[in-house]
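Beneath this line is the structure, given in structure tokens, with notes to follow.
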Amino acid sequence: MGKHATHIVWDWNGTLFHDIDAVIAATNAAFGEIGLPPITLERYRELYCVPIPRFYERLMGRLPTDAEWVVMDEAFHRHYTLQRAACALAEGVETLLESWATAGRSQSILSMYGHDELLPLVRGFGIESHFIRVDGRTGPSGGSKSTHMVRHLAALESERVDPGRTVVIGDAVDDALAARHAGAHAVLYTGGSHSRASLLEAGVPVVDSLAEAVLTAERLAL
């Protein structure tokens, strides 16, 4: 890979990994732990934000207490782990990843899913070889991706990755904020956690397929 070639940082949950049904089921299980009614996919996408306690505040009218947060966070992850077995990669992912790599361009994953759980998932789908780095979250869950993005791109300096020629592809406004914080571009995909209307507020391109996201990434980082 030559210096200044376009690099893609992929998000995992809701982007490469089509797991929104598992997320909704786990979210409703977490809500049930403290007596909240279930939420629809449309309502979830309308209100979703990070840090996650702020998302819960939008639903509850107040921030959860520390005790409530512990209960909800544990319930979410427990139920999500059960539900994710039925989930698959988003449509066309294998072809997109292979085509990008075959063209001599690099790509990586940065996810806020726990690192020790992320790696086996990526390997299990047989796609790990397409990435020069795969990073999941270390530390507490529920926060922003911005500091993780800076660290991720700094770790790729030896691979001649230039943040200014890097495009983050994700499904959340936080992906765009993290990209901006690290000096990179962003494209947001409507197949995950946010509604199109809320994604448009980030001020970056919004697309309805990952194939379109890759085409847009090519144009952004010219």
Might you point out which heavy atoms bring Ile20 and Ser193 nearest each other, and give the distance in Å? CD1-CA, 4.2 Å

Tell me which one of Leu215, Val204, Val167 satisfies side-chain contact (heavy atoms from CB on, under 4.5 Å) with Leu220. Val167

Taking C-beta and beyond as the side chain, do Phe31 and Pro38 meet within less than 4.5 Å on heavy atoms? no

Using a 4.5 Å cut-off on heavy atoms from C-beta on, say whether the side chain of Leu121 contacts that of Glu117. no

[X] [atom1] to [Y] [atom2] distance, which is reported to the nearest 0.5 Å:
| X | Y | atom1 | atom2 | answer |
| --- | --- | --- | --- | --- |
| Ile109 | Ile8 | CD1 | CD1 | 11.5 Å |
| Asp11 | Leu110 | CG | CG | 8.0 Å |
| Leu153 | Asp162 | CG | CG | 9.5 Å |

Are any of the side-chain nitrogens in Arg151 or Asp135 under 4.0 Å away from the carboxylate oxygens of its partner? no

Do Glu46 and Arg58 meet the salt-bridge criterion of a basic N to acidic O distance under 4.0 Å? no

Between [X] and [Y]: side-chain donor-acceptor atoms closer than 3.5 Å:
| X | Y | result |
| --- | --- | --- |
| Tyr80 | Asp19 | yes |
| Ser198 | Ser195 | yes |
| His7 | Thr166 | no |
| Arg84 | Tyr113 | yes |
| Arg105 | Thr6 | no |

Do Val93 and Leu119 sit in the same hydrophobic cluster, where Ile, Leu, Val, Met, Phe, Trp and Tyr count as joined when their side-chain heavy atoms come under 4.5 Å apart? yes

If hydrophobic clusters are built from ILVMFWY residues whose side chains come within less than 4.5 Å, do Ile132 and Val214 share one? no

Do other residues, nucleotides or ligands put more than 12 heavy atoms under 6.0 Å from the [atom1] atom of [X]?
| X | atom1 | result |
| --- | --- | --- |
| Glu98 | CD | no |
| Arg54 | CZ | no |
| Glu91 | CD | no |

Is the ring pair Phe125/Trp12 parallel, tilted or perpendicular, if the boundaries are 30 and 60 degrees? tilted

Do the rings of Tyr56 and Trp69 sit parallel, tilted or perpendicular, given the 30° and 60° boundaries? tilted

Which is it for Glu218 and Trp100 under the side-chain contact (heavy atoms from CB on, under 4.5 Å) test, yes or no, and what are the steps along the way? CA-CA 10 Å; Glu218 291 176 324; Trp100 189 263; 3.5 Å; yes

